[in-house]
Amino acid sequence: MDNKQIANIFRKIAEILELQGAIIFRIRAYERAADTIERLGAELKVMAEQDTLTTLSGIGKDLSDKIKEIVETGSLKYYGDLKKEVPEGLLQMLKISGLGPKTVKLINDNLKINTIEGLEKAAREGELRKIEGIREKTEENILRGIDLFKKREERTLFYKASDISDKFIEQLKKMKEIDKIESAGSLRRKKWTVKDIDILVTSKQPEKVIDTFVKLSLVSEVLAKGSTKSSVIAKDSNLQVDLRVLEASKFGSALMHFTGSKAFNVKLRQLAIKKGYKVSEYGLFSVSPDKKEELIAGQTEDEIFSRMELVYIPPELREDRGEIEAAQSNKLPELINIQDIRGDLHVHSTYSDGKDTIEIIAQEAKRLGYRYIGISDHSQSLRVANGMSIENIFKKIEEIKKLNKSIKGIEILCGTEVDILPDGTIDYPDSVLKELDFCIAAVHSGFKQTKEKLTKRIVSACKNKYINIIAHPTGVLWGVREECEIDFDEVLKAALENDTALEINCHPMRGDLNSLNILKARRAGVKIAIGSDAHIISELKFMDLGVNLSRRGWLEKNDIINCMEVSKLEKWLQKKQ
DNA sequence: GCCGTTTTCGGCCCGACTGTTTTCAGTCG
């Protein structure tokens with residue numbers, strides 16, 4: 001069992017305890033432990049053997065023993081017993097928006113309903129309203145929740161959500177009653193996927209703003225409408241959009257609160273209490289011994305951070321991954337910006353499955369301000385992507401030589417995205433690889449191999465002296481394929497020892513590495529390449545998404561090979577040989 | 001279930017909206 005699986009067991013336990021009406025703090029203890037485990041760099045297995053689990057925050061004797069039991073036996077008796085007490089369907093019912101543990105339990109106790117289908121039937125037939133505490137309105141809400149549940153994608157990709165958010169903001173900006181407007185939430189933290197959109201505005205006429213908001217043509221359904229807050233569903237997306245109207249004096253504290261993350265907020269509030277303060281969306285308050293509160297900051301985030309004796313923490317870092325501690329000692333990283341990117345090394349041309357010629361790509365890269373562009377077409381075995389024959393590689397090398405003479409102001413590098421075959425060998429012989437400026441290697445088949453085999457494949461590619469970059473290391477494809485199981489620590493070790501960079505693949509479907517793995521790579525000292533994986537020049541802009549992800553993974557300029565100037569990069573690429 | 005610079009018990013982050021009540025509980029973020 002790896003850390004993620006153990007964390008999942010704790011989350012499931014928390015859900016079941018919630019249904020059973022356990023005290024909230026016990027439930028939170030399991031959730032907090034799951035959080036800690038998930039963001040942990042080290043293997044729990046090793047810590048269990050060394051008996052150091054209780055040094056982790058939120059893990060005491062009981063949970064330490066439970067982890068040890070899982071590590072040693074592969075299962076947890078307590079969890080097995082607990083599962084028997086609660087039908088799986090009840091856990092499913094919890095996923096319906098508006099339906100929490102208390103109501104699920106109430107319905108189950110009264111009508112013995114334990115599936116979503118059963119719930120829907122009872123709601124349609126008006127059975128639920130016979131239960132004390134449930135009336136028509138609740139019944140309607142449950143039906144609406146079920147409807148949403150059925151058609152909802154769990155999360156929406158950032159680049160789609162940010163598009164929708166921009167449209168709402170554009171419409172709202174037309175209102176003269178609105179002063180400031182900004183999106184918050186995971187969108188502001190630039191998470192790869194988001195659950196909903198939070199928009200904050202300041203206005204002296206909140207009711208009027210809310211009235212206009214719910215009537216926007218972008219809205220398909222109004223979920224809630226109060227005097228300062230409203231929730232709607234955006235048209236054609238099933239994405240929930242929340243709007244909150246605030247006083248200008250509290251905009252900073254509200255922005256901070258609704259940007260989150262939840263874990264960050266909790267940590268910040270605990271820190272506030274230690275300093276004799278209280279922080280909420282309405283501001284930072286000093287609290288006197290007789291519990292009198294006085295507002296001391298709230299208009300801007302800067303002001304609040306400063307009163308808390310923290311340097312400003314960029315939203316992308318607010319995940320409780322050590323950023324608050326780093327801000328206390330002024331050791332936050334200097335995050336990269338899109339302007340720091342000097343070139344893109346992962347681009348496909350008409351030599352494989354790209355839509356544009358090398359010349360067109362080079363011209364567009366130049367227009368974007370890049371200093372170099374690496375053309376990395378697929379290798380021969382990837383037939384579905386029109387992988388290049390060896391003969392074509394030599395044609396491509398010649399073409400790039402000519403183009404480099406005719407196009408000034410940008411350097412075209414000739415590369416490949418070569419397959420790491422299921423037996424761990426590379427799809428072209430060394431005699432071919434050595435003719436190229438750089439080589440990216442990637443797994444494109446045999447994803448279902450064991451963790452050991454997959455890890456070995458990637459490690460052996462790292463060791464190849466012509467391979468500079470491992471592309472999309474975990475193979476995740478959003479909504480299509482989960483991350484493959486690889487021993488990431490082993491991969492990091494091999495990458496570090498052999499001067500191989502790991503890629504952040506910017507394609508919206510990938511986002512691979514994820515931010516936690518990026519952070520691990522940075523802490524291990526492994527270099528990163530950010531590649532757009534563009535198959536048409538309009539996709540070169542995906543670089544933005546990779547920069548977002550890099551910032552979430554704490555990356556600085558020096559961590560990233562395509563922030564190097566071309567001469568330095570060329571030296572780095574040849575370093576292995 | 002965890003945790004401790006008033007510490008081994010009694011706290012544990014904070015507030016809006018909704019529905020069902022008649023002062024509040026449940027849910028959500």
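Just so we're on the same page: letters track the sequence lines, and every chain starts at 1.
- Taking only side-chain nitrogens and oxygens, A:K229 never comes nearer than 4.0 Å to OP1 or OP2 of B:dT18.
- For the pair A:K66 and B:dG1, the criterion of a side-chain N or O lying under 4.0 Å from OP1 or OP2 is met.
- Note that the CD atom of A:E325 and the CG atom of A:L310 stand 10.0 Å from one another [nearest 0.5 Å].
- Side chain of A:K137, nearest nucleotide from B:dC17, B:dT20, B:dG29: B:dT20.
- Rounded to the nearest 0.5 Å, atoms CG (A:L477) and CG (A:D512) are 8.5 Å apart.
- Between the CD1 atom of A:I24 and the C1' atom of B:dG29 there is a distance of 14 Å, rounded to whole Å.
- Taking atom C1' on both nucleotides, B:dT23 is separated from B:dT18 by 15 Å, rounded to a whole Å.
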All N/O donor-acceptor pairs, side-chain side in residues 79-93 of chain A, below 3.5 Å, sequence neighbours left out:
residue	atom	partner	partner atom	Å
A:D81	OD2	A:K77	NZ	2.9
A:E85	OE1	A:Q20	NE2	2.6

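- The distance between atom CE of A:M256 and atom C1' of B:dG15, rounded to the nearest whole Å, is 16 Å.
- Regarding A:R144, its CZ atom lies at a distance of 16 Å from the P atom of B:dT27, rounded to whole Å.
- Each of A:N141 and A:Y30 was assigned the nucleotide of DNA chain B with the nearest heavy atom; the assignment lying further toward the 5' end belongs to A:Y30.
- Rounded to a whole angstrom, the distance from the C1' atom of B:dT20 to that of B:dA25 is 9 Å.
- With both ends at atom P, the span from B:dT6 to B:dG1 equals 28 Å, rounded to whole Å.
- At whole-Å resolution of the value, CG in A:D35 and C1' in B:dG1 are 15 Å apart.
- Remark: B:dT8 base-pairs with no nucleotide in the shown strands. Criterion, Watson-Crick or G-U wobble with two distances under 3.5 Å.
- As a whole-Å value, the separation of A:I142 CD1 from B:dT18 P is 17 Å.
- In this structure, NZ on A:K176 lies 7.5 Å from CD on A:Q205, to the nearest 0.5 angstrom.
- In this structure, of B:dG15, B:dT18, B:dG26, it is B:dG26 that holds the atom nearest to the side chain of A:T103.
- Looking at heavy-atom distances under 4.0 Å, A:I27 makes no contact with the nucleic acid at all.
- Under 4.0 angstrom from either OP1 or OP2 of B:dC14 there lies no side-chain N or O belonging to A:K250.
- Backbone-only engagement by A:L56 is indicated by non-hydrogen atom pairs under 4.0 Å involving sugar-phosphate atoms exclusively.
- Of the listed nucleotides (B:dC2, B:dG29, B:dC12), B:dC12 has the atom at the smallest distance from the side chain of A:F25.
- Within the 4.0 angstrom heavy-atom criterion, only backbone atoms of the sugar-phosphate kind lie near A:R135; the bases stay farther away.
- Using P as the reference atom, B:dT27 and B:dT21 are 15 Å apart when rounded to the nearest Å.
- The residue from A:I6, A:V46, A:L53 that alone fulfils the side-chain contact (heavy atoms from CB on, under 4.5 Å) condition with A:V71 is A:I6.
- Closest contact between the side chain of A:D242 and the listed nucleotides B:dC17, B:dT27, B:dG29 involves B:dG29.
- For A:K102, the side-chain atoms get nearest to B:dG26 when compared with the rest of B:dG1, B:dT18, B:dG26.
- Remark: the separation of the C1' atoms in B:dC14 and B:dC9 is 24 Å, to the nearest Å.
- Using a 4.0 Å heavy-atom criterion, one finds that A:L99 contacts the sugar-phosphate atoms exclusively.
- Under the salt bridge (Lys or Arg N to Asp or Glu O under 4.0 Å) criterion, A:R28 pairs with no residue, sequence neighbours left out.
- Protein atom CD of A:E281 is 9 Å distant from nucleotide atom C1' of B:dG29, rounded to whole Å.
- For A:T138 and A:E293, each mapped to the nucleotide of DNA chain B holding its nearest heavy atom, the one lying further toward the 5' end belongs to A:E293.
- The side-chain tip of A:R318 does not point at the ring of A:F305 from less than 6.0 angstrom away and within 45° of straight on.
- Summarising the geometry, the separation between CG on A:D65 and C1' on B:dG1 is reported as 12 Å, rounded to the nearest angstrom.
- Side-chain proximity of A:K278 to B:dG1, B:dG15, B:dT27: nearest is B:dG15.
- Here B:dC28 presents its P atom at 20 Å from CG of A:L243, a figure rounded to the nearest Å.
- Heavy atoms of A:N265 sit nowhere under 4.0 angstrom from any nucleic acid atom.
- With both ends at atom C1', the span from B:dT8 to B:dA16 equals 37 Å, rounded to whole Å.
- Phosphate proximity of B:dT18 to A:S231: absent, as no side-chain N or O sits under 4.0 Å from OP1 or OP2.
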